[in-house]
Amino acid sequence: MRRATADAEGRVSGGPFFPYFAVKNGATALFTMGAIAALATFVRVNPVWEHGAYSSGGYVPSAQPFWYFGVLDGAQRLVPPWEITVGGYVLQPGLWIPPLILTVFFGILLLYPFLERRFTGDGDHHHLLDRPAQAPVRTALGIAVIAFFTVLWAGTWFSEAAPPMHSAPGFPEPPPAPHALLTVPHDTYAMIVIGLRAAVFVVPVPAFLIARAVCRRRVG
């Protein structure tokens, strides 16, 4: 068994992650961002300006995002409606915090292989995947991240009934927005938001500890 594993570790096919896949994926990401920027510039997709000026802390939107945007949208709903006045301009940090969270997360993903190599002292090249129980800390970190983003995503599962929207003069009335997974009264929604804000910081910790304990028990 050990010899078969050693033979598999020494058998390499395909190109290396850096620079082959890094450059390839980077070019794909730049092309995608360029296409999205072109659509945002030349195509009228969703004229949100017809619904009036943005008001922090107002009615939560009943329209639901696509699944791949759910984490960012949920985080923006959970951030308190903070406002900072600088030089006569009102700045809203709630619009910056969710994108910063995702930026930090993807930055950590980029650096994680190098950080793990430094802290574990394992400088060998590996071409086989580890089982989850063979890397308890790595697995537990992954479970904690999933729990963290699930709580953020849960911010889009609840909504309160929004007031009817009206279009600007000369435009047809917009169709009613679809309801969220659960539509609740205002007081109930406020309690759910407070609970999810606390869960963002609380839930990942026991998720990490439980996953690490399970992995270590399976190894033992």
Side-chain angles (χ1 to χ4, degrees), residues 25 29 32-33 35-37 39-40 43-84 90-112 138-165 174-211:
N25 293 342
T32 303
M33 288 188 290
I36 294 175
L39 287 174
V43 179
R44 174 171 167 161
V45 179
N46 186 15
V48 295
W49 55 87
E50 295 178 2
H51 303 319
Y54 171 76
S55 175
S56 61
Y59 283 94
V60 62
S62 57
Q64 296 302 291
F66 291 108
W67 64 268
Y68 52 80
F69 200 76
V71 169
L72 185 59
D73 190 276
Q76 289 179 332
R77 298 186 188 195
L78 296 184
V79 173
W82 294 320
E83 291 185 350
I84 301 175
V90 179
L91 306 178
Q92 295 173 335
L95 298 177
W96 312 337
I97 294 176
L100 287 176
I101 292 175
L102 292 182
T103 301
V104 172
F105 170 68
F106 286 110
I108 294 175
L109 281 185
L110 179 64
L111 298 175
Y112 184 85
R138 188 195 308 154
T139 302
L141 286 175
I143 295 297
V145 170
I146 292 175
F148 173 77
F149 283 115
T150 300
V151 174
L152 294 182
W153 187 24
T156 64
W157 300 350
F158 304 90
S159 179
E160 57 180 314
M165 297 187 299
H179 291 292
L181 182 62
L182 295 174
T183 302
V184 296
H186 173 75
D187 294 339
T188 304
Y189 180 78
M191 295 176 59
I192 292 174
V193 169
I194 294 175
L196 290 177
R197 288 173 181 171
V200 166
F201 301 97
V202 174
V203 171
V205 176
F208 173 87
L209 296 177
I210 294 173

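Residue numbers start at 1 and run along the sequence shown. Excluded from the calculations below are hydrogen atoms, water molecules and symmetry mates; all remaining heavy atoms, backbone and side chain alike, are included.
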- Item | Passing option when Leu196 is tested against Ile194, Val200, Ile192 for side chain to side chain contact (heavy atoms under 4.5 Å, CB included) | Ile192
- Task: Would you give the length of the straight line joining atom CD1 of Ile84 to atom CH2 of Trp96, rounded to the nearest 0.5 angstrom?
- Result: 6.0 Å
- Message: Could you work out, with side chain to side chain contact (heavy atoms under 4.5 Å, CB included) as the rule, every residue matching Thr32, not counting sequence neighbours?
- Response: Thr28, Ile36
- Message: Is the shortest side-chain heavy-atom distance between Ile143 and Phe208 below 4.5 Å?
- Response: no
- Hits for side chain to side chain contact (heavy atoms under 4.5 Å, CB included) against Val104, two or more places apart or cross-chain, chain-then-number order -> Ile108
- Could you give the distance from OG1 (Thr156) to CD (Gln76), rounded to the nearest 0.5 Å? 12.0 Å
- Task: Can you sort out the partners of Pro80 under side chain to side chain contact (heavy atoms under 4.5 Å, CB included), two or more places apart, ordered by chain and number?
- Result: Trp82, Arg197
- Of all the heavy-atom pairs spanning Ala207 and Ala144, show the shortest one and how long it is. CB-CA, 4.4 Å
- Message: Test of understanding: with side chain to side chain contact (heavy atoms under 4.5 Å, CB included), list the residues that count as partners of Ile146, not counting sequence neighbours.
- Response: Thr150
- Contact summary for Leu72 and Pro98, nearest pair of heavy atoms: CD1-CB, 3.4 Å
- Message: I'd like to check the salt bridge (charged side-chain N to carboxylate O under 4.0 Å, His left out) partners of Arg138; sequence neighbours left out, ordered by chain and number.
- Response: Glu116, Asp130
- Please list, chain by chain and in numerical order, all residues satisfying ring-ring contact (aromatic ring centres under 6.0 Å, His included) with Phe149, sequence neighbours excluded. Phe105
